[in-house]
There are 2 protein chains.
Amino acid sequence: MLISEFAKATGLPIDTIRFYISKGLLTPERSLKGGSRPYQTFKQEDVTAARMIRLQQTLGYSLGEILTLNQQYRAGETSPELTIEVLQMQIDRLEERKAALNAALSFLRGKVDWIRAGKPDDAPRLEDYQC
Amino acid sequence: MLISEFAKATGLPIDTIRFYISKGLLTPERSLKGGSRPYQTFKQEDVTAARMIRLQQTLGYSLGEILTLNQQYRAGETSPELTIEVLQMQIDRLEERKAALNAALSFLRGKVDWIRAGKPDDAPRLEDYQC
DNA sequence: TATAAGTATGGAGCATGATCCATAGTCAAG
DNA sequence: CTTGACTATGGATCATGCTCCATACTTATA
């Protein structure tokens, strides 16, 4: 798969793909120059890797953290315990964010109800929610 | 409340507070220079405003969006319908993020289980989750 | 073989969200 | 009335995550 096809497959702009490659987040193979193309060649696993990067970004990880996590993940392929630990870390972080989002949700819902009720005395207070 | 006290009350660095003021996100009063201090004075409502900004950041809003939302919110104080609309927008956005986080959570949990089970044939595939 | 389209590389530029710094004014205590 | 702590201002700098550009090479097509 050439980079333009990879871009279509992942929905990522080519510049972004190259940026990720330069950061070591994506590691496509390079064809040998002898007779064939000198270009990078992407496989299905690279598509999955790109999706994983995007997922991790939605989890709130920076590209630097993602790189570290994925390197640890690869290192852990021979050690399921380590892999589990890394994934569990991600899950924990996810749960934290979800809890914060739920608190925010409660607050906003309370505010909507309060406004709908014609703004009685007791306004929902931000301080009462763990946001 | 002086800026240093406000910093303690909110946990925000002074530079960040000034940055937010320069962007119009925080609008403390200014004491008149005649005889008294020329400094900015913060009230409890500014503390709440700061908390709200941080909350909105965790919802994934940029400072520019937060400024717009809060201006709309203030404009909507005379129109509960508009205020509700703005808050509902925030809730909808929050629900979307929560759904994405839940999908990611399912995937990661599936992966952990799969590794714990000694990595049988059918690995959880990222493609099967709406992350 | 000319030409266009795709690819590679390095570096510049940009938006966001801070963070730091130089300078200068204000104020309370000693 | 000097010293030290605090405040205000504007601009420089920084990290992140792209995005764009100049240049140059490769390859397919006419």
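Values below: every heavy atom of this structure, side chains too, minus hydrogens, waters and symmetry copies. A note on names: the letters A, B, ... follow the listed sequences, proteins ahead of strands, and every chain is numbered from 1. Bear in mind the structure is a predicted one, so any value in this text is a computation, not a measurement.
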Contacts of type ring pair (Phe, Tyr, Trp, His ring centres under 6.0 Å), residue A:Phe19, not counting sequence neighbours
none
Rounded interatomic separation in angstrom, taking CG from B:Leu2 and P from C:dT26:
15 Å
Of the residues in residues 3-21 of chain B, which ones touch DNA chain D at a heavy-atom distance under 4.0 Å?
B:Ile3, B:Ser4, B:Arg18
What is the separation between atom CZ on B:Phe42 and atom P on D:dC6, rounded to the nearest whole Å?
16 Å
Can you tell me the distance, in whole Å, between the CD atom of B:Glu65 and the C1' atom of C:dG17?
14 Å
Give a yes/no answer on whether the side chain of A:Arg30 brings an N or O atom under 4.0 Å of OP1 or OP2 in C:dT7.
no
Report the distance from atom OH of B:Tyr39 to atom P of C:dC27, rounded to the nearest whole Å.
6 Å
Can you say whether the rings of B:Phe6 and B:Phe42 are parallel (under 30°), tilted (30 to 60°) or perpendicular (over 60°)?
parallel
Heavy-atom distance under 4.5 Å between the side chains of A:Val112 and A:Leu108, does that happen here?
no
Distance below 4.0 Å between B:Gln40 side-chain N/O and D:dC6 OP1 or OP2:
no
Take A:Arg93 and A:Gln90 through the side chain to side chain donor-acceptor pair (under 3.5 Å) test and state the conclusion after the steps.
CA-CA 5 Å; A:Arg93 184 151 170 182; A:Gln90 286 174 281; over 6 Å; no
Taking 4.0 angstrom as the limit, do A:Glu45 and A:Arg74 come out as a salt bridge?
no
Atom OH of A:Tyr61 and atom P of D:dG17: how far apart are they, to the nearest Å?
14 Å
What is the distance from NZ of B:Lys23 to P of C:dG17, rounded to the nearest Å?
8 Å
Any side-chain heavy-atom pair from B:Leu2 and B:Tyr39 closer than 4.5 angstrom?
yes
